[in-house]
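Given the structure is predicted, the values throughout are model-derived calculations rather than measurements. Heavy atoms only: backbone and side chains are in, while hydrogens, waters and symmetry mates are out.
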Amino acid sequence: MENGTRVIDFYIIAFSKVFGQKFLLFPTFLSIYLICLLWNMLIFVALFMDPHLQKPMYFLLRNLSFVDVLYISVALPKLMDIIITENTRVSFAACFTQMYFFTSFACTEICLLTTMSYDRYVAICFPLHYVLIMKKRKCDLMVAGCWISGFCNSLFVTIFASRLSFCRSTYIKQIFCDIKTLTKISCGDIHEFQTMILVEAFLMGLCPFLLILMSYSKILANILGLSSIHQRRKTFSTCTSHLTILLIFYGTLLCMYMIPPSEYSEELDQIFSVFYLAVTPTLNPLIYSLRNKEVKNAIHNVLFSNLFYKGISVCRGAL
């Protein structure tokens, strides 16, 4: 089938120059993965259990933590399996399934980050009307729209990509089944597919990014108008922390998909992929949640007030 329009198997060649150093790569990725799971699931449970944190802001944070867990789980476990077993083979179906879910969660995360920037804009610029604007039904619809648009958009992209012909190579020099890399190894006319990718980059990349910048520019303008230096500093600190993670996420995506090919482009693509695939979901809870006193208190209650005392009760019952 290699000379036809389909290939049965792909081979993911990740970090080929340091592939033999699995005792260095595997613990690194395992640590990142476990930290990401721990922080995000802890925040999700804390925000879900605390009755005082059912506001729109925390509802969005809960969804972000959940999508981060799914987002990192799509590719990192498979990458660790490849590193430890050195079995790089991935079937055609498995490759496109991974691409579908990765694209779904990536698009959902972009939409959620855009919605969160809008939520901060309303909270800071219209604090007296926040409850009226950010009603529960409206938040539910916005979050549902994020998930639906992410999965529907990914379905369209994946179906389009699965129609490509792969006859040049079966080797994917990336850490997961990525659209850009699959385009490189495909043959035949790919101009329509490249056009589709540009449209996708505009609709699901540039437009949300411009909306986020617009929201934060209005927020910063509002902050500069505050009379209290303490309040100005506190609000500005929150906004800069949010912007930091947005710049990391979007910066690595732009560097990967917009930088022209070079001698070291494949190695750079893999490094950038690690940032937006593994580092960003791990930093999200630290930047968005752990700087918040209410979230810290909720986590403290989950860890000590609930789990600790339940553990004591179970031990007493056993005795």
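- Neither Phe272 nor Met204 shares a network with the other; the hydrophobic side chains, linked directly or stepwise wherever heavy atoms of I, L, V, M, F, W or Y lie under 4.5 Å apart, form separate groups for each.
- Residue pairs that meet the disulfide bond (SG atoms under 2.5 Å apart) test with at least one member in residues 57-93, sequence neighbours left out, do not exist here.
- Criterion: ILVMFWY side-chain heavy atoms under 4.5 Å apart, direct or through other members. Under it, Leu211 and Phe249 are not part of a common hydrophobic cluster.
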Worksheet item: What's the verdict on ring pair (Phe, Tyr, Trp, His ring centres under 6.0 Å) for Tyr121 and Phe126, showing C-alpha distance, side-chain angles and the deciding distance?
Response: CA-CA 8 Å; Tyr121 161 69; Phe126 304 98; 5.6 Å; yes
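- The backbone N or O of Leu155 lies less than 3.5 Å from no partner atom in the side chain of Thr158, so there is not a single donor-acceptor pair.
- Annotation for Ser149 and Gly145: closest pair OG-O, 2.7 Å, computed over non-hydrogen atoms.
- Leu210 and Met142 are assigned to two separate hydrophobic clusters, defined by single-linkage of ILVMFWY side chains at heavy-atom distances under 4.5 Å.
- Hydrophobic clustering (ILVMFWY, side-chain heavy atoms < 4.5 Å, transitive): Leu38 and Leu76 are in distinct clusters.
- Using a 4.5 Å heavy-atom cutoff, the side chains of Leu47 and Gln54 are not in contact.
- Not counting sequence neighbours, the partners of Leu30 by the side chain to side chain contact (heavy atoms under 4.5 Å, CB included) test are Phe26, Leu34, Met80.
- No side-chain heavy atom of Val143 sits less than 4.5 Å from a side-chain heavy atom of Thr115.
- Here the side chain of Asn222 pairs no donor or acceptor atom with the backbone of Lys218 at under 3.5 angstrom.
- With sequence neighbours excluded, no residue forms a disulfide bond (SG atoms under 2.5 Å apart) with Cys146.
- Phe105 approaches Val67 most closely through the heavy-atom pair O-CG2, 3.8 Å.
- With sequence neighbours excluded, no residue satisfies salt bridge (charged side-chain N to carboxylate O under 4.0 Å, His left out) with Lys135.
- Under the side chain to side chain donor-acceptor pair (under 3.5 Å) criterion, the residue pairs touching residues 196-212 are Asn153-Glu200, with sequence neighbours excluded.
- Listed by first and then second residue, the disulfide bond (SG atoms under 2.5 Å apart) pairs involving residues 87-134 are Cys95-Cys177 (not counting sequence neighbours).
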Item to complete: Give the C-alpha distance, both sets of side-chain angles, the deciding distance and a yes or no for side-chain contact (heavy atoms from CB on, under 4.5 Å) between Met57 and Arg120.
Response: CA-CA 8 Å; Met57 171 186 174; Arg120 292 299 83 208; 3.5 Å; yes
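- When side chains are defined from C-beta on, Tyr11 does not count as touching Val90, because their heavy atoms never get closer than 4.5 Å.
- Asp68 CG to Glu109 CD: the interatomic distance, rounded to the nearest 0.5 Å, is 4.5 Å.
- Phe44 pairs by the ring-ring contact (aromatic ring centres under 6.0 Å, His included) definition with Phe66, not counting sequence neighbours.
- Annotation: the span from Ile72 atom CD1 to Phe29 atom CZ amounts to 10.0 Å, rounded to 0.5 Å.
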Item to complete: Apply side-chain contact (heavy atoms from CB on, under 4.5 Å) to the pair Thr170 and Ile185, showing each step before the final yes or no.
Response: CA-CA 7 Å; Thr170 60; Ile185 64 174; over 6 Å; no
Item to complete: Decide side-chain contact (heavy atoms from CB on, under 4.5 Å) for Leu113 and Leu64; before the verdict, give the C-alpha distance in whole Å, the side-chain angles of both, and the deciding distance to 0.1 Å.
Response: CA-CA 8 Å; Leu113 292 173; Leu64 183 67; 4.1 Å; yes
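- The side chain to side chain donor-acceptor pair (under 3.5 Å) search around Tyr118 returns Lys138, not counting sequence neighbours.
- Two rings, from Phe96 and Tyr100, have their centers 6.0 Å or more apart.
- At least one side-chain heavy atom of Arg137 sits less than 4.5 Å from a side-chain heavy atom of Leu141.
- In this structure, the separation between CZ on Arg89 and CD1 on Ile12 is 11.5 Å, given to the nearest 0.5 Å.
- The disulfide bond (SG atoms under 2.5 Å apart) check on Cys139 picks up nothing, with sequence neighbours excluded.
- Shown here are the side chain to side chain donor-acceptor pair (under 3.5 Å) partners of Ser104, two or more places apart in sequence or in another chain: Ser154.
- The pair Asp81-Lys78 meets the salt-bridge criterion, since a charged nitrogen lies less than 4.0 angstrom from a carboxylate oxygen.
- Across all non-hydrogen atoms, the minimal contact from Gln270 to Ile13 is NE2-O, 3.9 Å.
- Residues Asn87 and Ile82 share a closest heavy-atom pair of O-CG1, 3.7 Å.
- Considering only heavy atoms from C-beta on, Met41 stays 4.5 Å or farther from Ser65 through its side chain.
- Grouping the Ile, Leu, Val, Met, Phe, Trp and Tyr side chains by contacts below 4.5 angstrom, directly or via other members, places Ile219 with Leu213.
- No side-chain heavy atom of Phe202 sits less than 4.5 Å from a side-chain heavy atom of Val199.
- Evaluation of the ring-ring contact (aromatic ring centres under 6.0 Å, His included) rule for Phe101 yields no partner, not counting sequence neighbours.
- Side-chain contact between Met196 and Phe156 is present, with at least one heavy-atom pair separated by less than 4.5 Å.
- Minimum heavy-atom separation, Tyr130 to Pro56: OH-CB, 3.4 Å.
- Side-chain contact between Tyr71 and Thr280 is absent, with no heavy-atom pair separated by less than 4.5 Å.
- Interatomic distance, Ile179 CD1 to Ser186 OG, rounded to the nearest 0.5 Å: 12.0 Å.
- From Leu79, atom CG reaches atom OG of Ser273 across 10.0 Å, with rounding to the nearest 0.5 Å.
- Atom CG of Leu25 and atom CD1 of Ile84 lie 10.0 Å apart (nearest 0.5 Å).
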Discussion item. Apply side-chain contact (heavy atoms from CB on, under 4.5 Å) to residues Ile110 and Phe209 and explain how you reach the verdict.
Written reply: CA-CA 8 Å; Ile110 289 171; Phe209 184 62; over 6 Å; no
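- Taking both residues in full, the closest heavy atoms of Asp178 and Tyr276 are given as OD1-OH, 4.2 Å, listed atom of the first, atom of the second, then distance.
- The side chain to side chain donor-acceptor pair (under 3.5 Å) search around Tyr58 returns Asn292, Glu294, not counting sequence neighbours.
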